[in-house]
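Have a look at the structure below before the remarks.
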Amino acid sequence: MDRVQLILLGLPLFLFCSDLFNLFAPPPPKSQHHPPPSISHPQRSTVGVPETLDFPSQKSSGVGYGNTVEINFCVSCSYKGSAVNMKKMLETAFPGLDVILANYPAPAPKRLLAKVVPVVQMGVIGIIMGGEHIFPMIGITQPPAWYYSLRGNRFGSMASTWIIGNFLQSFLQSSGAFEVSCNGELVFSKLKEGRFPGRSS
């Protein structure tokens with residue numbers, strides 16, 4: 001039983017330390033993208049492209065070859081479908097346009113708390129399973145009353161801990177962002193507008 005307890009307590013701590021290291025590690029360098037040579041093309045119709053996305057070069061030379069649009073969205077918010085649809089729409093309307101999809105991470109404090117949640121989650125489950133052995137190891141001879149309440153409904157307590165922990169982790173990892181940039185210039189921000197891009201009324 002002691003070995004099982006060490007695994008239950010040691011594994012979440014190891015995962016937390018590795019996640020903490022990855023959280024503060026410098027991001028890998030972005031690959032250098034060499035756009036294809038600029039080719040003169042006639043202006044194409046922009047039917048189906050949201051009118052609110054006012055690209056910087058749209059009014060002068062048109063968006064297309066040699067231009068890059070980056071869509072940063074919240075992965076945990078299930079925005080990937082909207083980002084993929086916009087990518088296909090832009091690539092159809094502007095041949096040669098390079099559209100990049102990327103995750104927009106939550107702020108660092110929320111990400112750090114999201115890494116703590118699984119540790120607490122596994123700790124609570126470990127206490128429910130073997131609290132009568134864990135409490136004496138930390139100097140508590142008599143387990144508290146709440147432990148017996150959790151122990152009385154072991155399956156329900158572990159299921160509730162798992163569901164609530166997953167909900168908190170998903171909430172802390174979400175940023176709610178859907179940001180669109182063209183050649184490094186922000187052209188739409190859901191964080192500022194409070195909505196998705198669409199046709200102006």
Side-chain angles (χ1 to χ4, degrees), residues 15-118 166-201:
L15 294 176
F16 172 71
C17 293
S18 63
D19 289 337
L20 190 63
F21 176 78
N22 293 331
L23 180 65
F24 293 100
K30 293 185 177 180
S31 58
Q32 296 294 330
H33 176 73
H34 300 283
S38 179
I39 303 176
S40 176
H41 285 272
Q43 195 75 292
R44 292 179 176 266
S45 173
T46 60
V47 177
V49 179
E51 297 176 1
T52 54
L53 297 180
D54 187 18
F55 294 109
S57 57
Q58 185 174 352
K59 297 180 180 179
S60 56
S61 60
V63 178
Y65 288 92
N67 292 286
T68 302
V69 171
E70 187 171 358
I71 303 176
N72 297 302
F73 61 97
C74 174
V75 173
S76 62
C77 301
S78 302
Y79 292 167
K80 185 175 182 179
S82 300
V84 171
N85 290 337
M86 179 171 288
K87 172 182 171 70
K88 294 178 180 178
M89 180 179 59
L90 291 174
E91 289 176 341
T92 301
F94 304 107
L97 181 68
D98 186 17
V99 181
I100 301 174
L101 303 182
N103 178 43
Y104 191 100
K110 292 183 65 177
R111 282 183 287 153
L112 183 59
L113 288 176
K115 302 299 182 183
V116 176
V117 170
N166 289 346
F167 172 78
L168 287 175
Q169 190 174 17
S170 177
F171 171 75
L172 293 171
Q173 289 176 342
S174 64
S175 61
F178 196 91
E179 316 299 292
V180 183
S181 302
C182 182
N183 297 329
E185 181 178 345
L186 186 66
V187 296
F188 180 85
S189 172
K190 181 178 179 294
L191 295 177
K192 295 180 180 179
E193 300 288 339
R195 58 177 178 83
F196 281 98
R199 289 191 175 276
S200 57
S201 55

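Computed from a predicted structure; not experimentally measured.
- For the atom pair CG of Leu90 and CG of Asn67, the computed distance is 11.5 Å after rounding to the nearest 0.5 Å.
- Considering all non-hydrogen atoms of both residues, Glu193 and Phe188 come closest at CG-CE1, 3.8 Å.
- Phe178 meets the ring pair (Phe, Tyr, Trp, His ring centres under 6.0 Å) test with Phe196; sequence neighbours excluded.
- Between the CG atom in Leu101 and the CG atom in Asn72 there is a gap of 9.0 Å [rounded to 0.5 Å].
- At least one donor-acceptor pair under 3.5 Å links the side chain of Ser174 to the backbone N or O of Phe171.
- For residues 173-182, the set of pairs meeting the salt bridge (charged side-chain N to carboxylate O under 4.0 Å, His left out) definition, not counting sequence neighbours, is empty.
- Atoms SG and CG, on Cys182 and Leu97 in that order, are 7.0 Å from each other to the nearest 0.5 Å.
- Within a 6.0 Å sphere centred on OH of Tyr104, other residues, nucleotides and ligands contribute 12 heavy atoms or fewer.
- For the salt bridge (charged side-chain N to carboxylate O under 4.0 Å, His left out) condition, the pairs that include at least one residue of residues 80-97, sequence neighbours left out, are Lys87-Glu91.
- Taking each heavy atom of Gly176 and Lys190 in turn, the nearest pair found is O-NZ, 3.4 Å.
- Residues Ala114 and Pro118 approach most closely at O-CD, 3.0 Å, considering heavy atoms.
- Listed by first and then second residue, the disulfide (SG to SG under 2.5 Å) pairs involving residues 66-110 are Cys74-Cys77 (not counting sequence neighbours).
- Checked against side-chain contact (heavy atoms from CB on, under 4.5 Å), Pro107 has the following partners two or more places apart in sequence or in another chain: Pro109, Lys110.
- Residue Ala106 comes nearest to Leu172 through the heavy atom pair CB-O, 3.6 Å, listed as atom of the first residue, atom of the second, then distance.
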*Take Met86 and Val69, measure what side chain to side chain contact (heavy atoms under 4.5 Å, CB included) needs, and give me the verdict at the end.*
CA-CA 11 Å; Met86 179 171 288; Val69 171; over 6 Å; no
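- Contact between Asn103 and Pro105 at its shortest, heavy atoms only, is O-CD, 3.4 Å.
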